[in-house]
Amino acid sequence: MPFSSLGLIAPLTQAVAERNYLAATPVQTAVIPAILRGEDVWASAQTGSGKTAAFALPILQRLAANPRERGAVGALVLAPTRELAAQITASFRAYGCHLPAPAPKIVTVFGGVSLNPQMMALRGGADVVVATPGRLLDLLARNALGLGAISTVVLDEADRLLDLGFSDELGRILRLLPARRQTLLFSATFPPEVTALAQNVLRSPLRFEGETAPASQPVILQRAIEVDPPRRTQLLRHLIESNGWTRVLVFVATKYATEHIAEKLRKAGLDAWAFHGELSQGGRTAALARFKEAKVGVLVVTDLASRGIDIVRLPVVVNFDLPRSAVDYTHRIGRTGRAGETGIAVSFISAASHAHFQLIEKTHNLHLPREQIEGFEPTELAAPEAPVSPAGGGVKGKRKSKKDKLREAAARAAAATASKGERPLRLPPGRRMR
Ligand code: AMP
């Protein structure tokens with residue numbers, strides 16, 4: 001469908017023509033006329049579908065037709081990450097380049113950088129504010145802007161907003177918006193939480209169903225990497241850097257280890273925070289907020305604390321210490337793999353925990369190839385091959401032999417010791433780890 005038949009004004013069609021957009025994409029064709037009419041929209045659209053132009057073009061047109069009051073904010077776009085927020089801002093600016101002067105004022109706000117320049121930029125209001133939720137709330141608390149005159153709000157990548165644990169923040173922001181407003185919700189996937197949000201905030205929306213990401217079981221790539229315990233921090237840092245991971249959930253064995261490992265990771269130059277049950281509510285909220293806003297964030301948790309975390313899923317989970325049980329292993333790796341996307345679950349295996357990991361694998365009928373990373377090859381020796389009984393091993397939920405229990409206790413003790421930064425017990429000479 002040509003852009004000219006969607007009801008867009010010439011300065012906007014000219015801007016898209018200059019970007020060589022020959023025709024509108026399906027999401028643009030479906031939602032642009034509805035947004036121009038002032039309707040709510042509920043669209044399933046992925047990155048690459050042209051969804052940014054689908055909301056930016058009609059928002060710019062409506063703002064041009066109804067200029068905001070001085071000092072007010074006209075439209076608000078909420079995005080899960082600073083990268084996306086910056087990208088959306090660039091698109092608004094590009095699409096609005098031919099609108100009559102004054103050029104629309106687009107302000108981006110996200111965390112991890114100083115507040116002051118953003119407070120300055122918000123002086124006098126803005127036509128469009130593109131924000132990550134945590135930083136927007138910080139700025140609201142400092143009266144840097146008001147949301148009372150907003151006519152349109154966009155929840156972009158709503159599934160990622162919820163995956164990153166922004167549900168509370170979204171609720172608080174939505175309560176500050178005028179009841180009479182236009183709400184546009186875009187999401188690649190529709191897990192129940194996103195559907196509930198859509199049903200809650202949208203009024204008789206136009207629905208667009210684009211090509212959805214496969215809603216089937218997420219694919220989780222499981223990796224087992226052999227490493228000596230004292231080198232795990234450096235290895236984690238290496239993996240984050242070489243793979244470009246931005247959000248990592250790291251599991252350790254004890255509450256003490258969350259603090260200790262987070263500190264070690266910080267000393268290694270990473271933005272890492274401990275998260276455990278004994279943190280005060282304020283401490284938990286602060287740790288989560290900083291984690292969500294960081295450029296590269298590492299959250300170090302125990303199994304127990306992770307159950308209370310409002311972060312639904314993350315792209316990477318690392319078993320820095322192995323879980324005690326096969327059930328916990330499933331729970332941990334289930335924290336990664338958003339619907340339609342591949343998650344990565346990495347387990348660090350040491351000589352001392354090698355046998356324990358075999359038992360977890362056996363329960364899940366898995367056999368992961370053991371990897372070694374160049375420069376981090378283990379030097380510790382593994383215990384002799386664990387004789388695994390055909391009737392099920394020594395992992396929680398199955399009957400354990402006395403030998404299994406002893407082996408499990410030894411592995412746990414070694415893992416806990418290693419988390420305290422001490423060298424693990426050296427086992428008697430046996431088979432080298434594969
Ligand atoms: P988005 O899905 O908004 O992230 O957009 C993905 C890419 O598609 C961006 O690089 C846009 O510049 C580009 N794009 C958006 N709409 C169109 C269109 N109608 N024709 C060609 N490219 C487009």
Side-chain angles (χ1 to χ4, degrees), residues 78-86 108-119 121-122 129-142 144-145 156-157 160-173 233 236-237 239-241 243-252 255-318 320 332 335-336 338:
L78 293 172
T81 62
R82 60 161 89 197
E83 291 78 18
L84 184 61
T108 328
V109 299
F110 50 68
V113 292
S114 132
L115 271 163
N116 271 347
Q118 296 176 357
M119 294 183 67
L122 286 167
V129 171
V130 185
T132 53
R135 176 51 64 98
L136 181 69
L137 285 170
D138 282 349
L139 289 160
L140 285 164
R142 289 170 168 77
L145 75 167
D156 193 23
E157 304 205 354
R160 287 177 73 198
L161 277 167
L162 295 187
D163 274 359
L164 282 174
F166 279 124
S167 152
D168 285 355
E169 287 90 339
L170 279 186
R172 283 164 62 197
I173 293 166
T233 307
L236 178 60
R237 188 185 148 167
L239 290 171
I240 288 174
E241 284 171 0
N243 294 294
W245 294 339
T246 53
R247 293 279 173 290
V248 186
L249 192 61
V250 172
F251 283 94
V252 296
K255 201 166 52 206
Y256 168 80
T258 60
E259 300 276 8
H260 180 70
I261 303 296
E263 198 185 320
K264 277 179 76 175
L265 292 170
R266 278 197 296 275
K267 282 189 183 144
L270 294 167
D271 280 342
W273 294 277
F275 192 92
H276 57 74
E278 279 183 21
L279 283 180
S280 65
Q281 188 54 44
R284 291 167 75 118
T285 311
L288 279 182
R290 276 176 295 178
F291 171 69
K292 289 172 206 161
E293 299 281 357
K295 195 163 183 192
V296 176
V298 182
L299 202 63
V300 188
V301 301
T302 57
D303 290 291
L304 214 61
S306 82
R307 292 184 185 170
I309 290 183
D310 62 347
I311 289 177
V312 186
R313 280 176 213 106
L314 288 169
V316 185
V317 164
V318 173
F320 197 93
R332 287 180 179 188
R335 286 309 187 126
T336 183
R338 290 166 5 95

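- Taking CG of L299 as the start and CG of D271 as the end, the distance is 11.5 Å to the nearest 0.5 Å.
- Using a 4.5 Å heavy-atom threshold, the side chains of D156 and V130 count as separate.
- Counting only heavy atoms from C-beta outward, the side chains of V301 and V250 never approach each other to under 4.5 Å.
- Atom CD1 in I240 sits 11.0 Å away from atom CZ in R247 (nearest 0.5 Å).
- Side-chain contact check for T258 versus F275: every heavy-atom pair is 4.5 Å or farther apart.
- In this structure, the separation between CG on L78 and CD1 on I173 is 5.0 Å, given to the nearest 0.5 Å.
- When all heavy atoms of V113 and R135 are compared, the closest pair comes out as O-NH2, 2.8 Å.
- The CG atom of L84 lies 11.0 Å from the OG1 atom of T108; values are rounded to the nearest 0.5 Å.
- For A79 against P133, the heavy-atom pair with the smallest separation is O-CD, 3.5 Å.
- Around atom CZ of R172, no more than 12 heavy atoms belonging to other residues, nucleotides or ligands sit under 6.0 Å away.
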Step by step, would you call L136 with E169 a side chain to side chain contact (heavy atoms under 4.5 Å, CB included)? CA-CA 9 Å; L136 181 69; E169 287 90 339; over 6 Å; no
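- Atom OG1 of T233 sits about 5.5 Å away from atom CD1 of I261, to the nearest 0.5 Å.
- One distance of note links CE of M119 with CG of L139; it measures 6.5 Å at 0.5 Å rounding.
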